Amino acid sequence: MKRVISLLLPLALLLLLGGCGESAPAQKELFAMDTILSVKVWGGDAALSAVSDELLRLDALLDATDADSEIGRLNAGQTVGGETAALVEQAAVYSDRTGGAFDPTVYPLVRLWGFTGQTQRVPTQSDLDEALKSVGTDHIDFSDEGVSLHGDAEIDLGGIAKGYAAERCVALLEQNGATAALLSLGGNVQTFGTKPDGAAWRIGIADPSSPEHSIATLTVHGTKALVTSGGYQRYFEADGVTYHHILDPETGCPAQSGLASVTVIADSGTMADAYSTALFVMGLERATDFWRGEQSFEAVFVTTDGAIYATDGVTPEDCEYTVIER
Ligand code: AMP
Ligand code: MG
C-alpha cells in the first residue's frame with residue numbers, strides 16, 4: 001500500500017479583501033486548532049487580543065489529541081463539566097437533529113484512519129467494526145456533574161469547535177467595541193459588523209479541485225458564519241484511492257455522498273459548523289430535504305462533478321449554479 005500525503009488547507013474559504021480607501025484593520029495570524037487562524041479587526045486592538053486569547057484558550061480546552069485538554073480527560077474516562085460539557089451537549093443535539101450524520105463520538109474512527117496525526121492508513125473491516133461499537137451519542141452520559149462516556153467511547157469536537165470558537169469571538173468583539181472583523185479559522189469564516197467603507201463582505205468558496213482558486217463568490221452583510229466542509233481539506237491516497245477526513249458514522253468510512261464541498265451560511269457559527277459536516281455526509285438529496293425542514297441556514301453545494309447548487313436564500317456570483325427551491 002502506498003501512503004502519500006495528507007494535506008491541510010487552511011483557507012477553504014478564500015477571503016476576497018478589496019476596497020480602496022478602507023482604513024487598515026489590526027491583524028494577527030496564529031496557529032491553533034490544527035490550522036492557521038487569521039484575524040482582522042477594525043476598531044480595537046483590545047478586541048484583537050481578546051479574540052486571539054480566546055482562540056488559544058479554546059484550542060487548549062477542546063483538542064482531543066492533547067491528553068491534558070478537557071476533551072482529552074473526558075476521553076480518558078473522567079467527568080468534565082462547564083463549557084466543555086455544554087458544547088458536547090450542543091454537539092449531541094446537532095447529532096440528533098441531523099439523524100446522526102454529524103456525530104461527535106467519531107473519534108475512535110478518526111484515530112483508526114490516522115487523521116489525528118501524520119500517518120494515515122486504511123483500516124481493516126474488523127477494526128472498523130470494533131470501533132463502530134463505540135460510536136453513537138447513546139455512549140454519552142449527561143448528569144448534574146457534567147459529561148462522561150461509556151466504555152471505549154471518545155469525543156472529537158473537530159467538526160464543531162472552530163464554529164463555536166467563531167461564535168465566542170463574536171461575543172468578545174461586541175464586548176470590546178470592535179466595529180468590524182473578519183476571522184478565517186481553517187474552513188470557517190466569520191464576518192462581524194460593517195467595514196469602515198460600508199462595503200459588503202465578499203467571500204470566495206474554494207474550488208475543491210484547485211483550492212487556492214475560488215469557484216464562486218458569496219456576498220454577505222453584517223455578522224455571519226460561513227463554514228465549508230470539503231473532502232479536499234484533509235485526505236490521503238492509497239492504492240490510487242483518495243480517502244478524506246469526513247467520516248460517515250454509519251459505515252466508519254469517508255463519506256461518499258457525491259459532494260466535494262458544502263458551505264453553510266448561518267447566524268450561529270456552531271450550528272453552521274455542525275451542519276456543514278452533516279450535510280457533506282448526507283449528500284445533496286438528503287441535505288436538501290434537511291434544509292427544507294430546518295429553514296435556519298443557507299447552503300452552497302459543490303458536487304464531485306463540479307456542479308454548484310445553492311439554496312434559494314443565497315446568490316453565489318462568478319459561477320453557474322442551480323437554485324434549490326424551498
Ligand atoms: P469539518 O471540517 O467541520 O467538516 O470537520 C471535520 C472533522 O470533524 C474531522 O477532521 C473529524 O475530526 C471530525 N469528523 C469527521 N467526520 C465527522 C462526523 N460525521 N461528525 C462529526 N465530526 C466528524
Ligand atoms: Mg464542521
Side-chain angles (χ1 to χ4, degrees), residues 6-13 33-35 59 62-66 71 75 87-88 90-117 120 128 131-132 135-137 139-140 153-167 184-190 206 208 211 225-236 243-257 259-266 268-283 286-287 297 299 301-302:
S6 163
L7 272 188
L8 177 65
L9 282 161
L11 296 180
L13 288 168
M33 304 190 170
D34 209 18
T35 191
D59 186 29
L62 304 174
D63 180 2
T65 65
D66 175 2
I71 294 297
N75 288 347
L87 184 56
V88 172
Q90 242 182 308
V93 168
Y94 289 127
S95 184
D96 221 40
R97 277 195 209 161
T98 60
F102 177 84
D103 191 325
T105 65
V106 289
Y107 200 52
L109 297 167
V110 174
R111 283 203 295 110
L112 204 51
W113 285 91
F115 283 117
T116 48
Q120 286 80 46
L128 281 174
L132 279 165
V135 175
T137 50
H139 297 282
I140 311 176
E154 291 172 307
I155 295 284
D156 175 8
L157 296 181
I160 197 172
K162 291 199 282 284
Y164 172 72
E167 199 165 327
S184 170
L185 317 177
N188 295 42
V189 169
Q190 176 71 54
L226 301 94
V227 181
T228 296
S229 288
Y232 63 89
Q233 289 170 347
R234 190 184 280 256
Y235 63 91
F236 68 100
Y243 299 92
H244 62 69
H245 67 136
I246 303 172
L247 304 177
D248 183 338
E250 294 250 333
T251 63
C253 294
Q256 299 213 333
S257 63
L259 293 175
S261 80
V262 179
T263 300
V264 171
I265 304 107
S268 158
T270 314
M271 187 188 82
D273 202 354
Y275 284 1
S276 70
T277 308
L279 268 53
F280 186 97
V281 172
M282 288 179 191
R286 247 180 92 197
F297 66 92
F301 303 90
V302 182

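Side chains are part of it too, since the values below use all heavy atoms of this structure and drop only hydrogens, waters and symmetry mates. Ligands are counted one by one from 1 in listed order, and the atoms in each one are counted from 1 as well. For clarity, every value in this text was computed on a predicted model and none was experimentally measured. Heads up: numbering here begins at 1 and tracks the sequence.
Checked by atom type and distance alone, the side chain of T105 pairs as donor or acceptor with a backbone atom of G136 at under 3.5 Å. Side-chain N or O atoms of S261 include none that pairs as donor or acceptor with a backbone N or O of G230 at under 3.5 Å. With hydrogens and angles ignored, the 3.5 Å screen pairs a side-chain donor or acceptor of H244 with a backbone N or O of A255. A donor-acceptor pair under 3.5 Å links the side-chain atoms of E167 to the main chain of T270, judged by distance alone. At least one donor-acceptor pair under 3.5 Å links the side chain of Q233 to the backbone N or O of T228. Not a single donor-acceptor pair under 3.5 Å links the side chain of D248 to the backbone N or O of C253.
Summarising the contacts of atom 19 (N) of ligand 1 with V135, L247, D103, V227, the nearest heavy atom is found in L247. With atom 5 (O) of ligand 1 as the reference point, the heavy atom nearest to it among P104, A91, A278, G159 is part of G159.
Proximity to D156 (heavy-atom distance under 4.0 Å) selects the following atoms of ligand 1: 11 (C), 12 (O), 13 (C). Residue V106 has at least one heavy-atom neighbour below 4.0 Å for each of these atoms of ligand 1: 14 (N), 17 (C), 22 (N), 23 (C). Close contacts between ligand 1 and P249 involve ligand atoms 19 (N) [criterion: under 4.0 Å to a heavy atom].
With respect to atom 15 (C) of ligand 1, the closest heavy atom belonging to the protein is H245 O, 3.3 Å.
For T277, the nearest N, O or S atom to the Mg ion (ligand 2) falls under 2.8 Å. Using a cut-off of 2.8 Å, one finds that G159 contributes an N/O/S atom close to the Mg ion (ligand 2).
Not less than 6.0 angstrom separates the ring centroid of Y275 from the ring centroid of F102.
Counting heavy atoms from C-beta on, the side chains of N188 and M33 never come closer than 4.5 Å.
Residue contacts with ligand 1: A101 is included, with a non-hydrogen atom under 4.0 Å away. Residue contact check for ligand 1: G187 places no non-hydrogen atom closer than 4.0 Å to it. Using a non-hydrogen distance threshold of 4.0 Å, F115 does not register as a contact of ligand 1.
At under 3.5 Å, not a single nitrogen or oxygen of S276, backbone or side chain, sits near a nitrogen or oxygen of ligand 1. Below 3.5 Å of separation, one finds an N or O of D273 facing an N or O of ligand 1.
Counting heavy atoms closer than 4.0 Å to ligand 1, residue T277 contributes atoms from both its backbone and its side chain.
Scanning both residues, K162 and T35, for their nearest heavy atoms gives CD-CG2, 4.2 Å.
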